[in-house]
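Here's the structure, in structure tokens; my notes come after.
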4 protein chains.
Amino acid sequence: MTDPDVRASIMRAVYEALCESGYTELTAQDIADRTDKSKSLLFYHYDSKEDILGDFLEFLFERFDERVAETRDRPPVERLAVFVDWFLYGPEENDRQSFHVAMLELRTQAPYNEAFREKLRKSDDQLRAVLEEILRDGLEAGEFNEHDPEETAALLIAAFDGARIRQLTIGRDEYLEEVRRGTATWVFDDLLAEDASFPADRDPSTLPEPDQQHRLAADLGDGGNGDADESTDDDPAERDRE
Amino acid sequence: MTDPDVRASIMRAVYEALCESGYTELTAQDIADRTDKSKSLLFYHYDSKEDILGDFLEFLFERFDERVAETRDRPPVERLAVFVDWFLYGPEENDRQSFHVAMLELRTQAPYNEAFREKLRKSDDQLRAVLEEILRDGLEAGEFNEHDPEETAALLIAAFDGARIRQLTIGRDEYLEEVRRGTATWVFDDLLAEDASFPADRDPSTLPEPDQQHRLAADLGDGGNGDADESTDDDPAERDRE
Amino acid sequence: MTDPDVRASIMRAVYEALCESGYTELTAQDIADRTDKSKSLLFYHYDSKEDILGDFLEFLFERFDERVAETRDRPPVERLAVFVDWFLYGPEENDRQSFHVAMLELRTQAPYNEAFREKLRKSDDQLRAVLEEILRDGLEAGEFNEHDPEETAALLIAAFDGARIRQLTIGRDEYLEEVRRGTATWVFDDLLAEDASFPADRDPSTLPEPDQQHRLAADLGDGGNGDADESTDDDPAERDRE
Amino acid sequence: MTDPDVRASIMRAVYEALCESGYTELTAQDIADRTDKSKSLLFYHYDSKEDILGDFLEFLFERFDERVAETRDRPPVERLAVFVDWFLYGPEENDRQSFHVAMLELRTQAPYNEAFREKLRKSDDQLRAVLEEILRDGLEAGEFNEHDPEETAALLIAAFDGARIRQLTIGRDEYLEEVRRGTATWVFDDLLAEDASFPADRDPSTLPEPDQQHRLAADLGDGGNGDADESTDDDPAERDRE
DNA sequence: GATGAATGAGATTTCATTCAT
DNA sequence: GATGAATGAAATCTCATTCAT
């Protein structure tokens, strides 16, 4: 796989296919169909379907790195607020529920798949490092009260991830809101130093604006309004495969 | 499905098969093999494989109900401690990582499967109700300081579930410990009224005893020491399918 | 595989498919097509294509046993003559060149295939035992001059097999004749005691009658005149796959 | 194909690939991998994979010619002894069982492949001519008793080839020895004139020295000690593909 | 000459599900 | 109830061969 364009086009096809079919139902054909190339070409570039998905995880994390760097120059309180927003409500690749559901399926394969697990660990390390850095910077800057950044980061990430997963799987959107309020009450209220406060438009105790979302989809060339069904069924979670 | 014995034997087979094959790789044959009956009989009792799994979820939640009732007469602080322990480290069916991994796979199918989703919602309702009841009882009994039980329950469940999921998928056991400490620091320390405290052997800021575990497996007739690999590889998450 | 009729029908399909496609080009579909059943049924009864072929070898040798017994009551000289005839020119399953070519292909897979090798060894043991028994009986009966039956059997089988293989692969029918004469000259002339001689119609120094041939095909229900191409090209060996 | 160096390097690659993969499993990629050129180039030089193999047979026989000439000035008895040794135990390309197994697979394709058949016939003609010439020269020189050289050559070649094939396919090395003894007893003892005898170190009734073997491999640039597995398993025939 | 990319046409298996008995 | 047999519809992967450059 030398040509980055080819890789990008395959990665984009994987993304779209995951959105439409989910991980479990994903076939090599689904991916090829979203490419202007043949199915056999996939196996020319990759050893197996798993290998393709492994590279897709890699691809995702390469991009995550780029994003993180972008906000490093903002003050810690703001970065924390952005982090919460991003994790719980998007933006960026959080745009499509269907994609996140598929990623969740993929994560559950990690116990059976060394390659997946390794990439997910790298990703986990990254995520915790980002949050811990925010917390440490805030401590140093006097914006946050004394606390153990490692422990706090672990709690916040677990809570946000858990909330996201429960929302995605059983389709209860309230979860996000409740957990956001819960962290505001139990963590952020105590964390923020007297004179520090969340920026008004980022306060985790209020709902966020649906702002510059859809980054991954946009980068992948889609604009975030692809044909993934944003089902308007009575059951908001319904995403049944045809 | 009239005969409860037949159902029980199928449910047991499903449990064992999930432990050994995971959900994604689970076949009707895998289930039948752990039964003294034939594969075709499964389809006599159930409409489809999904239907079997749906009933398995139902079966699980019936049993959950029974369990919950058992502790209802203990004081709230103790019940909270037991809840934390149970969620994060077992006991009961938490004993087998492999089973929980499979359940996680199954949960990720809920967005595609109305029946799964419905049962998981019922289960979620139950779980939250249990925790909220503990919190409310504690408030009334003056053991807990003033707080919003709904919000707190949502946060705790999200955090514990998120921690469990991260531990299971990427195999980082530290997660459980860190998150337990995180909740102790940020939530429990503030929650407990001046004169209340966790029972010594249940304090969420210390490691729990490996006590009466293995309840589901035991009930299912296995004793909890089936041949599910409790891999002692250098990579603790490794559970690769053969 | 309990039902012997099903097995027999599959074995027959294998035989026909081998005759028409050869071993190398043989597909599971080729076999299924000669059955009134589906391709998947083959994999219900057998674990793999190789497994089917392995059982085919087994099937062949079961039948070989039955045949051998039939001639055991004839005098050694006659049995030897029959043996030579059978080996070099048929009868029985020797009827179809195409089948023998396919068997030859299959034999060359033995070095890569434990199961094949094992069956072929059994077959080899059988064949040698049969010939050695003839030779020993002849010695005892005074029909043959003193010699080492093991050594002689090895030589004869090697010579006949080699002749057959060369004839089949390069299509030189003279080979059979020459080698028959060669063995008559160098071996049989010296082997036969003064007063013993081959029966007139079986003398290995004259051509055999095309007699009761086609036994395998007949038993398999075909009559030996199936649609296997008995090509009448200018090149008698030509059997090019379509 | 003009450049003889290119051809030689491809032929060498074919030889190595045959040793490692056998004929049935041989892919164009296997050949290209043992070249410093690309797979596509093979199809620039040859019309098809079969065409490459056809040329490989041609290549082999060109070299056979050269070899034969070398011994033409030795006395017939000695040449016969060398012939037997060479055929049954090496030397030259007989060194690698794996190569011979592959050649055997290739020979069994001759019935389906006009080009292969033609080359194998030429080879067969050559081989018989060589042996017949030895026998005729021996007759003329009075070293051999009266006999029909054509018939004798046919018998010997068939016996040796058959022995080799049985040894290779079912892995019974005794075959070679038994057949050698068989020919010594039944043929050579009678063939040699009173006053002629095999040279001491070449007597076909004793085991040969492992002498200047490995000619083909050497010529092909390998030295005969490539990494072809000279398996020392308990099962000497084992050569299972990975 | 030389190659990387590309592909069509399979081949083997898998499996949920059905059906006759 | 119970089962062995049966099957259709895929799915992954392979590979000889071609083609644009």
Side-chain angles (χ1 to χ4, degrees), chain A residues 1-3 5-7 9-10 21 24-32 35-52, chain B residues 1-3 5-6 21 24-32 35-53, chain C residues 1-3 5-7 9-10 21 24-32 35-52, chain D residues 1-3 5-6 21 24-32 35-53:
Chain A
M1 177 60 60
T2 55
D3 189 339
D5 287 349
V6 174
R7 185 188 184 219
S9 85
I10 294 176
S21 310
T24 306
E25 300 271 274
L26 183 73
T27 72
Q29 191 64 65
D30 288 333
I31 299 173
T35 281
D36 58 345
K37 300 297 166 47
S38 73
K39 185 175 43 168
S40 12
L41 190 64
L42 294 177
F43 295 97
Y44 173 74
H45 287 301
Y46 294 95
D47 285 340
S48 66
K49 198 179 75 165
E50 276 190 10
D51 195 24
I52 300 175
Chain B
M1 175 60 60
T2 54
D3 188 340
D5 286 349
V6 174
S21 310
T24 306
E25 301 269 275
L26 184 72
T27 70
Q29 190 65 64
D30 288 332
I31 299 173
T35 278
D36 57 346
K37 298 295 166 47
S38 74
K39 180 174 52 162
S40 346
L41 195 61
L42 293 177
F43 292 94
Y44 173 80
H45 289 303
Y46 294 94
D47 285 342
S48 67
K49 197 177 76 164
E50 278 190 7
D51 195 24
I52 300 175
L53 273 301
Chain C
M1 176 61 61
T2 55
D3 188 339
D5 287 348
V6 175
R7 185 190 185 218
S9 86
I10 294 176
S21 310
T24 307
E25 300 272 275
L26 184 72
T27 71
Q29 190 65 66
D30 288 333
I31 299 173
T35 280
D36 57 344
K37 299 297 166 48
S38 74
K39 185 174 43 167
S40 13
L41 189 64
L42 295 178
F43 294 95
Y44 173 75
H45 288 300
Y46 295 95
D47 285 340
S48 66
K49 198 179 76 165
E50 276 192 10
D51 194 26
I52 300 176
Chain D
M1 175 59 59
T2 54
D3 188 338
D5 287 350
V6 173
S21 311
T24 306
E25 300 269 278
L26 184 72
T27 71
Q29 191 64 62
D30 289 332
I31 299 173
T35 279
D36 57 346
K37 299 295 165 47
S38 74
K39 181 175 52 164
S40 344
L41 195 61
L42 293 178
F43 292 94
Y44 173 79
H45 288 303
Y46 295 94
D47 285 341
S48 66
K49 197 177 76 163
E50 278 191 6
D51 194 24
I52 300 176
L53 273 301

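All values below were derived from every heavy atom in this structure, side-chain atoms included, with hydrogens, water molecules and symmetry-related copies excluded. Values in this document were obtained by computation on a predicted structure and should not be read as measured data. Note on naming: letters A, B, ... go to the chains in the order of the sequence lines (proteins, then strands), and numbering restarts at 1 for each one.
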In whole angstrom, give the distance that lies between atom OH of Y44(B) and atom P of dA20(E).
16 Å

Any side-chain N or O of H45(C) under 4.0 Å from OP1/OP2 of dA6(F)?
yes

D3(A) has an atom CG; how far is it from atom P of dA5(E), in whole Å?
7 Å

Output the rounded distance in Å from CG (L42(A)) to P (dC15(F)).
17 Å

Any side-chain to backbone donor/acceptor pair from T27(C) onto Q29(C)? Under 3.5 Å, distance only.
yes

Correct closest heavy-atom pair for D3(D) and D5(D) would be OD1-N, 2.7 Å

Between L26(B) and L53(B), is there a side-chain heavy-atom distance shorter than 4.5 Å?
yes

Could you pick out which residue, K37(C) or S38(B), lies toward the 5' side of DNA chain F when each is mapped onto its nearest nucleotide?
S38(B)

In whole angstroms, the gap separating C1' of dA11(F) from OH of Y46(A) amounts to 20 Å

Spacing of CG belonging to L41(C) relative to CZ belonging to F43(C), to within rounding of 0.5 Å
10.5 Å

List for me each residue that meets side chain to side chain contact (heavy atoms under 4.5 Å, CB included) alongside S40(C), sequence neighbours excluded, and say none if there are none.
S38(C)

Atom-to-atom span, CG of L41(C) to P of dT13(E) - whole angstrom
15 Å

To the nearest 0.5 Å, what is the distance between CG on L42(A) and CD1 on I31(A)?
6.0 Å

Verify the distance criterion only: is there a donor paired with an acceptor across the side chains of D51(C) and S48(C) at less than 3.5 Å?
no

Using a cut-off of under 3.5 Å, enumerate the N/O to N/O pairs linking the protein to nucleotides 15-18 of chain E.
{"from": "dA16(E)", "atom 1": "OP1", "to": "K49(B)", "atom 2": "NZ", "distance (Å)": "3.0"}
{"from": "dA16(E)", "atom 1": "OP2", "to": "A28(B)", "atom 2": "N", "distance (Å)": "3.0"}
{"from": "dT17(E)", "atom 1": "OP2", "to": "K49(B)", "atom 2": "N", "distance (Å)": "2.8"}
{"from": "dT17(E)", "atom 1": "O4", "to": "K39(B)", "atom 2": "NZ", "distance (Å)": "3.2"}

Counting runs of three or more consecutive pairs, Watson-Crick or G-U wobble, with each distance below 3.5 Å, where are the stems of DNA chain F?
E:2-21 with F:2-21

Hey, could you give me the NZ/CG distance between K39(A) and D30(A), rounded to the nearest 0.5 Å?
10.5 Å

